Amino acid sequence: MCSSDLSIFALVVFCLARPVLASPPAAPSFVTATITSGTALTLSWVPGSADQLGFAVFIRVGTSGQFTQIGSILSANTTALPLGGATPGTTYQFVVDALNADGEAASTPTTVTMPGITSSDHQPAVTGQALDYAITTSPDAGTPTSINLSGTLPPGLFYNPATAHITGTPTTPGVYEVSMSCNYAAFGTFAKPLTFRVIPAPGAPTLATPIPLQTLTAGGPAVTLALNQFIRDPDAEKAVRFVTSKGVFNLALYATATPLTVSNFLNYVRRGDYNASIIHRALTNFVVQGGGFKAAAPNFTAIATDPSPLNEPGIANLRGTISMAKVAGNPNSATDQWFINLADNTANLDNQNGGFTAFGRVCANGMGVLDAMAAVPTASYTVNVAGSPTQFDDFPIDTAPPAPASLDFSKLLTVNSITQIEPVVFSITGNSGGSAVLATTDGTNITLTPNGLLAGTNLISILATDLDGNIFSQTITAVVASAYSDWIAANSLAGVNASPAADPDSDGLSNASEFLLGGSPASNDAAAIRPRASTTSVSGQRYPALGFTLRKNTAGILATVESRSEEHTSELQSRLHLVCRLLL
């Protein structure tokens with residue numbers, strides 16, 4: 001995962017014939033790199049002695065890695081070399097070697113940073129966490145006349161042109177791209193992009209969209225709701241489950257912040273390409289790496305690769321994050337091999353080779369599985385892959401230490417499967433209000449079923465649990481309305497007998513009254529369901545009262561209580577009648 005150094009100049013090495021002298025020359029001194037434009041400089045030096053036969057100039061990008069020779073060997077009287085093609089804002093180091101037939105002597109490295117922006121082109125950000133990003137410029141090109149920022153920053157962040165700092169606390173996840181620029185009186189203006197990949201802080205699921213009132217019909221069809229359309233885990237947009245020879249762990253994926261990488265990874269997952277693959281690298285306090293090979297003793301087979309997506313750096317390579325491995329010197333070469341960080345590798349990996357794309361994190365206590373993988377002994381083995389001998393270093397063997405001298409295929413760390421799973425699982429914790437609605441769930445969807453012809457309002461309590469064990473509760477209200485047409489059909493009434501005013505059982509109650517009072521049109525149950533006379537107490541006084549039971553959630557029924565007087569044998573009696581009419 002380490003990038004190789006790149007030269008900004010063409011490399012042409014020529015051999016120099018040298019006569020025999022008594023000793024190597026002295027090293028050049030006062031090696032100086034003078035910037036002449038935004039992309040050019042002149043390297044100059046003072047020879048250390050007069051017995052050198054030539055000079056060789058070497059360069060490297062940055063301050064670590066190998067040096068590469070620039071061009072051909074220069075003549076002995078050369079003291080300066082103009083160079084072009086440099087990248088603005090990039091740091092280079094140069095070494096000048098004096099050569100003769102008895103050896104060479106190298107100067108101390110000279111460092112220069114070209115004019116331009118030197119700060120990173122990507123910056124990790126997490127909602128709710130304070131951020132301070134400083135726009136820095138070349139220390140060797142002088143003070144810029146201005147440092148500017150254009151574009152829209154993530155909500156919650158602000159730019160101060162006086163200090164060239166972006167500060168604040170981001171509030172909204174997403175990918176935000178702005179442009180930094182600096183201007184020099186002597187060299188002009190230099191621009192550099194800056195990308196913020198803002199990810200949500202870990203937390204409990206939340207209500208993304210209110211769950212609407214669910215209206216069902218007595219005797220009607222069930223209703224199924226996809227609960228993940230309403231309740232979501234902001235920090236786990238997509239998720240996968242690893243089943244390995246050392247245990248099971250889950251990963252939350254940052255689909256919004258790194259869409260190309262997540263899509264690429266899930267393509268392998270959905271095809272089953274990672275199933276029965278091996279862990280081919282494990283280093284304690286560094287990484288566990290897999291996704292590239294399967295075992296077919298005595299050889300390995302390589303997993304067929306898809307085209308590499310564009311690099312998406314900008315999420316910190318902290319312990320527990322998953323990233324994609326790539327070819328040294330090629331930022332856009334990641335494809336099938338993944339690795340999980342066992343330590344905080346931000347200083348090493350966030351900017352190396354264009355920055356490694358972290359695109360998810362291990363959930364809950366899953367890192368125990370990864371630590372167990374890294375704890376096994378490792379060794380170097382050479383195994384044929386597609387007919388070519390390939391050396392694997394830091395190869396883990398699941399056995400007591402030390403690792404065997406020869407690869408034991410029965411002791412490999414394996415990934416049995418990687419499958420996509422739902423980031424949130426739902427359960428039903430209560431169903432109150434009666435038995436009008438039956439509620440069931442498969443962990444993702446909830447199905448609400450009317451219970452026969454019963455009507456009522458049910459409150460269904462659900463619990464959402466994310467992959468970290470965080471929970472969120474919500475209540476769904478389901479109303480079952482009674483429909484006269486369903487009641488007619490359930491009682492097999494047709495023709496004139498289906499009329500609201502009809503009385504098929506001749507018990508003195510119309511169909512409308514039977515429907516409202518819960519009676520049956522097929523039996524004489526008028527006495528049982530008619531309003532009942534009783535008494536009630538109000539403020540210590542007792543009064544006559546009328547009690548009756550009405551069907552819940554009826555639509556289109558108007559019930560009125562009418563009073564009329566009748567005279568019998570010189571005695572005035574008052575009678576109450578319940579009159580029901582169906583409003584069509």
Side-chain angles (χ1 to χ4, degrees), residues 204-232 422 424-466 470-491 500 509 511-521 525 528-532 534 536-538 545-561 578 580-583:
T206 60
L207 186 66
T209 304
I211 303 176
L213 172 72
Q214 298 302 303
T215 301
L216 310 175
T217 301
V223 172
T224 298
L225 297 177
L227 292 174
N228 55 15
Q229 298 300 309
F230 303 98
I231 300 173
R232 298 171 188 162
E422 288 295 332
V424 179
V425 175
F426 299 91
S427 58
I428 297 171
T429 58
N431 185 357
S432 62
S435 56
V437 180
L438 303 178
T440 58
T441 180
D442 60 5
T444 301
N445 307 303
I446 189 169
T447 299
L448 306 175
T449 305
N451 187 10
L453 295 177
L454 296 176
T457 299
N458 280 45
L459 302 178
I460 297 99
S461 301
I462 58 173
L463 189 68
T465 305
D466 69 14
N470 300 313
I471 60 174
F472 174 79
S473 59
Q474 184 67 14
T475 299
I476 300 174
T477 302
V479 174
V480 178
S482 294
Y484 180 76
S485 58
D486 294 329
W487 184 80
I488 289 294
N491 285 281
L509 291 177
N511 280 341
S513 298
E514 296 265 27
F515 172 66
L516 184 66
L517 297 174
S520 168
D525 53 4
I529 66 172
R530 282 185 186 277
R532 297 171 299 280
S534 63
T536 186
S537 177
V538 178
L546 187 66
F548 50 88
T549 300
L550 295 177
R551 184 185 295 271
K552 292 182 179 179
N553 302 319
T554 52
I557 292 290
L558 173 65
T560 60
V561 177
L578 181 66
C580 300
R581 295 193 297 274
L582 189 64
L583 304 179

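Fair warning: this is a prediction, and the values are worked out from it, not measured in the lab. Computed from heavy atoms alone, side chains included, the values below leave out hydrogens, waters and symmetry copies.
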Trainee: Counting N and O atoms only, with roles assigned by atom type, does the side chain of N451 sit under 3.5 Å from a partner on the main chain of S435, one being a donor and the other an acceptor?
Mentor: yes
Trainee: At their closest point, which heavy atom of P205 faces which heavy atom of N470, and how far apart are they?
Mentor: CD-O, 3.8 Å
Trainee: If I take atom OG from residue S473 and atom CD1 from residue I231, how far apart are they, to the nearest 0.5 angstrom?
Mentor: 8.5 Å
Trainee: Atom OG1 of T475 and atom CG of L459: how far apart are they, to the nearest 0.5 Å?
Mentor: 6.5 Å
Trainee: Verify, without hydrogens or angle tests, whether Q474 (side chain) and F472 (backbone) share a donor-acceptor contact under 3.5 angstrom.
Mentor: no
Trainee: Any side-chain to backbone donor/acceptor pair from T441 onto G443? Under 3.5 Å, distance only.
Mentor: yes
Trainee: Tell me if a side-chain donor or acceptor on N458 pairs with a main-chain N or O of I460 at a distance below 3.5 Å.
Mentor: no
Trainee: Which heavy atom in A455 sits nearest to a heavy atom in A436, and how many Å separate them?
Mentor: C-CB, 3.7 Å
Trainee: With the side chain counted from C-beta on, respond yes when R232 and V424 share a heavy-atom pair under 4.5 Å apart, and no when they do not.
Mentor: no
Trainee: Does atom CG of L207 have more than 12 heavy-atom neighbours, drawn from other residues, nucleotides or ligands, at distances under 6.0 Å?
Mentor: yes
Trainee: When rounded to the nearest 0.5 angstrom, what is the spacing between OG in S427 and CD1 in I462?
Mentor: 8.5 Å
Trainee: Tell me the closest heavy-atom pair linking F230 and P210, and the distance in Å.
Mentor: CD2-O, 3.7 Å
Trainee: Applying side chain to side chain donor-acceptor pair (under 3.5 Å), which residue pairs with at least one partner in residues 215-230 are found, sequence neighbours left out?
Mentor: T224-T447, N228-E422
Trainee: What closest approach, in Å, do V437 and A478 show between heavy atoms, and which atom pair accounts for it?
Mentor: CG2-CB, 4.1 Å
Trainee: Would you please name every residue forming a side chain to side chain donor-acceptor pair (under 3.5 Å) with N491, sequence neighbours left out?
Mentor: none
Trainee: Would you find a donor on one side and an acceptor on the other, under 3.5 Å apart, between the side chain of D525 and the backbone of G519?
Mentor: no
Trainee: Could you grab the distance from atom OG1 of T444 to atom CZ of F426, nearest 0.5 Å is fine?
Mentor: 7.5 Å
Trainee: Just wondering, do L227 and I476 contact through their side chains at under 4.5 Å, heavy atoms?
Mentor: yes
Trainee: Would a 4.5 Å heavy-atom cut-off, applied to side chains only, mark L225 and N445 as touching?
Mentor: no
Trainee: Looking only at heavy atoms, what is the nearest atom pair of P450 and L216, with distance?
Mentor: CG-CB, 3.9 Å
